[in-house]
Amino acid sequence: MPAVVIVGAQWGDEGKGKATDLLGDRLDYVVRYNGGNNAGHTVVIGSEKYALHLLPTGILTPTLVPVIGNGVVVDLGVLFEEIDLLTARGVDTSRLLVSANAHLITPYHTAIDKVVERFLGEAKLGTTGRGIGPAYADKMSRVGVRVQDLFDENILRQKVDSALKSKNQLLTKVYNRKAIDSEAVVQELLSYAPRLAPLVADTALLLHNALRDGRTVLLEGGQATMLDVDHGTYPFVTSSNPTTGGACAGSGIAPREITRAIGVLKAYTTRVGEGPFPTELHDAWGDRLRENGGEFGTTTGRPRRCGWFDAVIARYAARINGLTDFFLTKLDVLSGIESIPVCVGYRVGATTYDEMPVSQSDFHHAVPVYEELPGWSEDISTVTDFDDLPKNAQSYVKALEDMSGTPISAVGVGPGRTQTLVLRDLV
Ligand code: GDP
Ligand code: IMO
Ligand code: MG
């Protein structure tokens, strides 16, 4: 025991990397359980800044074991590039383990992701173009290639050949692209095998034994609740289950082992890519949040869409994930705003909602109902104790806690490791 999940409560980029890093020295294992290198988790330690995409954030803590779970889709080129970059910066990556059952993102997945987005034109999803959707589609269609396939050349060749048969038809006949050479893909994948072999493990068994022996395991989610393929704003979602249910499936840890579920929640809201976003601001307030919050994508560099805090979404995330705590981030970004609107419900025509509307059309047309909370003018980025925050900043946190029905156990006042006010132990 215990197994703790960190999950994004909004549309991603809430600060999951920072939250995971903060808990680092209390953990024995940090496991990524979903997504792939569509994630971008930023950690700031002193003057050093790290952006992790595929590797668990825990890799920056030398005492723990970072694990890429079975639920992750792995682009091996990216994996080794990220390892090399960190190694060059003096980070010891030698403890990393990768599940034998994780699926691989191959060059044809990335090609299809990009070509489909181009083909969709105006109707595009705004994916990260990393091959995530096509790799998960193959997993579900049972034509995916897994880590363990790399160690049996015949099986690998059969799987790639068979997958490319239909995909090349699609690429050449529907999308007017060149066919992808199956043997070249096989050779590229095989070239990674010697380096990958020592990292491969039965990670589900390893984690089971670790929990039995009293070790602490943190499950680090990529993406977020509103990007979940089942519970998010479908079809404007990613292709995995970032929510806590996905943490079990994507790691092999049983639900009853999860003792704590921490939702990382931004003090306002952002979204990258297409899709509905009720509190989005298209005016100078949106620009201000983007500038002050540095809201530009860690993975693609795209400007993030910005809006006010949405309590309906926070409540929804608490319910879907069974959250025990919120880790509130970026409170500092709201300093200097006289009165801060917070969305407490939606209006759609004559109907008022205080829960997520089940109809996608209603959510698309949702008009936020705002309550105004008094702001504060002080810079709070050097505050180290919650009680030293301006009274209105304390009240803002308490109001969010009341509206979302879940305790806020930590408050971020800056990107740095030390810029967090911890109200309650999280592990
Ligand atoms: P993740 O994907 O959830 O890990 O989040 P990202 O790393 O993509 O984006 C969060 C950004 O906010 C990063 O640049 C962090 O360094 C930064 N950040 C995290 N917590 C805070 C905070 O409390 N205040 C400020 N100003 N920045 C923060
Ligand atoms: P982290 O872990 C924010 C978004 C993309 C797009 C949609 C589908 O850093 O919070 P995909 O490439 O996954 O098929 O794209 O999901 N998206 C993210 N947005 N943070 C992320 O990860 C994201 N990962 C994917 O922008 O809208
Ligand atoms: Mg991110």
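Just so you know, these numbers use all the heavy atoms, side chains as well, and skip hydrogens, waters and symmetry mates. Residue indices begin at 1 and follow the sequence shown. In listed order, ligands and their atoms are each counted from 1.
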Between Y316 and H231 (side chain of the first, backbone of the second, donor and acceptor by atom type, cut-off under 3.5 Å), is there such a pair?
yes
K49, any N or O under 3.5 Å of ligand 1 N or O
no
Do any nitrogen or oxygen atoms of V333 come within less than 3.5 Å of a nitrogen or oxygen of ligand 1?
no
Return the minimal non-hydrogen interatomic distance between D113 and G131, and the atom names on each side.
OD2-N, 2.8 Å
Please report which non-hydrogen protein atom sits nearest to atom 22 (C) of ligand 1, along with the residue it belongs to and the distance in Å to one decimal place.
G414 O, 3.1 Å
salt_bridge(E401, K398) N-O dist < 4.0 Å:
yes
Contacting atoms of ligand 2, where contact means under 4.0 angstrom from a heavy atom of K16:
1 (P), 2 (O), 10 (O)
Identify the two heavy atoms, one from A314 and one from F326, that lie closest to each other, and give their separation to 0.1 Å.
O-CZ, 3.5 Å
With only distance considered, is G17 within less than 3.5 Å of ligand 1 through an N or O on each side?
yes
Just which atoms of ligand 2 are under 4.0 Å from any heavy atom in G222?
2 (O)
For atom 24 (N) of ligand 1, the closest protein heavy atom turns out to be D332 OD1, 2.8 Å
Where on V237 is there a heavy atom closer than 4.0 Å to ligand 2, on the side chain, on the backbone, on both, or on neither?
backbone
If you measure from each non-hydrogen atom of T42 to ligand 1, which part falls under 4.0 Å: side chain, backbone, both or neither?
both
Under a 4.0 Å N-O cut-off, is there an ion pair linking E280 with R305?
yes
Do D113 and ligand 2 have an N or O pair less than 3.5 Å apart?
no
Note the single closest protein heavy atom to atom 20 (N) of ligand 1, along with its residue, its atom name and the distance in Å.
K18 CD, 3.3 Å
Side chain or backbone of R271 under 4.0 Å from ligand 2, or both, or neither, by non-hydrogen atoms?
neither
For atom 17 (C) of ligand 1, which protein heavy atom lies nearest, and how many Å away is it?
K330 CE, 3.7 Å
Check whether R417 reaches the backbone of G46 with its side chain - one donor and one acceptor, N or O, closer than 3.5 Å.
no
Indicate the atoms forming the closest heavy-atom contact of L125 with P235, along with that distance.
CD2-O, 3.5 Å
Closest non-hydrogen contact found for N34 with S240 is ND2-OG, 3.1 Å
Atom 26 (O) of ligand 2: the protein heavy-atom neighbour that sits closest, reported with distance to 0.1 Å
R302 NH2, 2.9 Å
So, are R260 and D325 salt-bridged, with charged N and O less than 4.0 Å apart?
yes
Among R271, R290, K330, whose side chain to side chain donor-acceptor pair (under 3.5 Å) with E295 holds?
K330
When you measure from atom 27 (O) of ligand 2 to every protein heavy atom, which one gives the shortest distance, and what is it?
V272 O, 3.1 Å
What residue and atom, counting heavy atoms only, is the protein's closest point to atom 18 (C) of ligand 2, and at what distance?
L227 CD1, 3.6 Å
Does atom CG of D387 have more than 12 heavy-atom neighbours from other groups under 6.0 Å away?
yes
Side-chain (T244) to main-chain (A247) donor-acceptor, under 3.5 angstrom
no
Among T57, D13, T299, D21, whose side chain to side chain contact (heavy atoms under 4.5 Å, CB included) with H41 holds?
T57
So, does W11 sit close enough to ligand 2 that a heavy atom of it is under 4.0 Å from the ligand?
yes
shortest atom 10 (C) of ligand 1-to-protein heavy-atom contact is with D13 O, 3.6 Å
Under 4.0 Å, heavy atoms only, figure out whether ligand 1 is touched by the backbone of V413, its side chain, both or neither.
backbone
So if I count the atoms of ligand 2 from 1 in the order they appear, which ones are less than 4.0 Å from some heavy atom of D13?
1 (P), 3 (C), 9 (O), 10 (O), 20 (N)
Looking only at the aromatic ring of each residue, does the gap between the centers of F363 and Y346 stay below 6.0 angstrom?
yes
Minimal non-hydrogen separation, P62 against L60, with atom names:
CD-O, 3.5 Å
To the nearest 0.1 Å, how far is atom 25 (C) of ligand 2 from its closest protein heavy atom, and which atom is that?
Q223 CG, 3.8 Å
Taking only heavy atoms of A39, which atoms of ligand 2 are found under 4.0 Å from at least one of them?
1 (P), 2 (O), 9 (O), 22 (O)
Please verify whether a non-hydrogen atom of R304 lies at under 4.0 Å from ligand 1.
yes
Tell me whether K16 is salt-bridged to E14, with the criterion being a basic N under 4.0 Å from an acidic carboxylate O.
yes
Do me a favour and list the nearest non-hydrogen protein atom to atom 15 (O) of ligand 2 with residue, atom name and distance?
T127 CA, 3.3 Å
What protein heavy atom sits nearest atom 13 (O) of ligand 2, and how far off is it?
T238 OG1, 2.6 Å
Over 12 foreign heavy atoms within 6.0 Å of CZ, R195
yes
Residues, nucleotides or ligands: over 12 heavy atoms within 6.0 Å of E338 CD:
no
Provide the number and element of each atom of ligand 2 under 4.0 Å from a heavy atom of G40.
1 (P), 9 (O)
Report yes if G40 has an N/O atom closer than 3.5 Å to an N/O atom of ligand 1; otherwise report no.
yes
Nearest protein heavy atom to atom 16 (O) of ligand 1, by residue and atom, and its distance?
P415 CB, 3.5 Å
Classify the ring geometry of W285 against W308: parallel below 30°, tilted from 30° to 60°, perpendicular beyond 60°.
tilted
Could you please tell me which protein N, O or S atoms lie under 2.8 Å from the Mg ion (ligand 3)?
D13 OD1, G40 O
Heavy-atom pairs closer than 4.0 Å: do any link ligand 2 to the side chain of L125, the backbone, both, or neither?
backbone
Please determine whether a side-chain nitrogen of the Lys or Arg among D138 and K167 lies less than 4.0 Å from a carboxylate oxygen of the Asp or Glu.
yes
Short N/O distance, under 3.5 Å, between R130 and ligand 2?
no
Do R89 and E48 meet the salt-bridge criterion of a basic N to acidic O distance under 4.0 Å?
yes
Give yes or no for whether the N/O distance cutoff of 3.5 Å, strictly under, is met between T298 and ligand 1.
yes
The single option from V5, I262, T225 that satisfies side chain to side chain contact (heavy atoms under 4.5 Å, CB included) with N321 is T225
Distance-only N or O hit between ligand 1 and G412, under 3.5 Å
yes
Nearest protein heavy atom with distance in Å, relative to atom 5 (C) of ligand 2:
G126 O, 3.6 Å
So, S359 side chain and D362 main chain: donor-acceptor pair closer than 3.5 Å or not?
yes
In the protein, what heavy atom is nearest to atom 12 (O) of ligand 2, and what distance, to one decimal place, separates them?
T128 OG1, 2.5 Å
Y234, OH: over 12 other non-hydrogen atoms inside 6.0 angstrom:
no
So for G294, does at least one of its heavy atoms come nearer than 4.0 angstrom to any atom of ligand 1?
no
Which atoms from ligand 1 have a heavy atom of H41 less than 4.0 Å away?
1 (P), 2 (O), 4 (O), 7 (O)
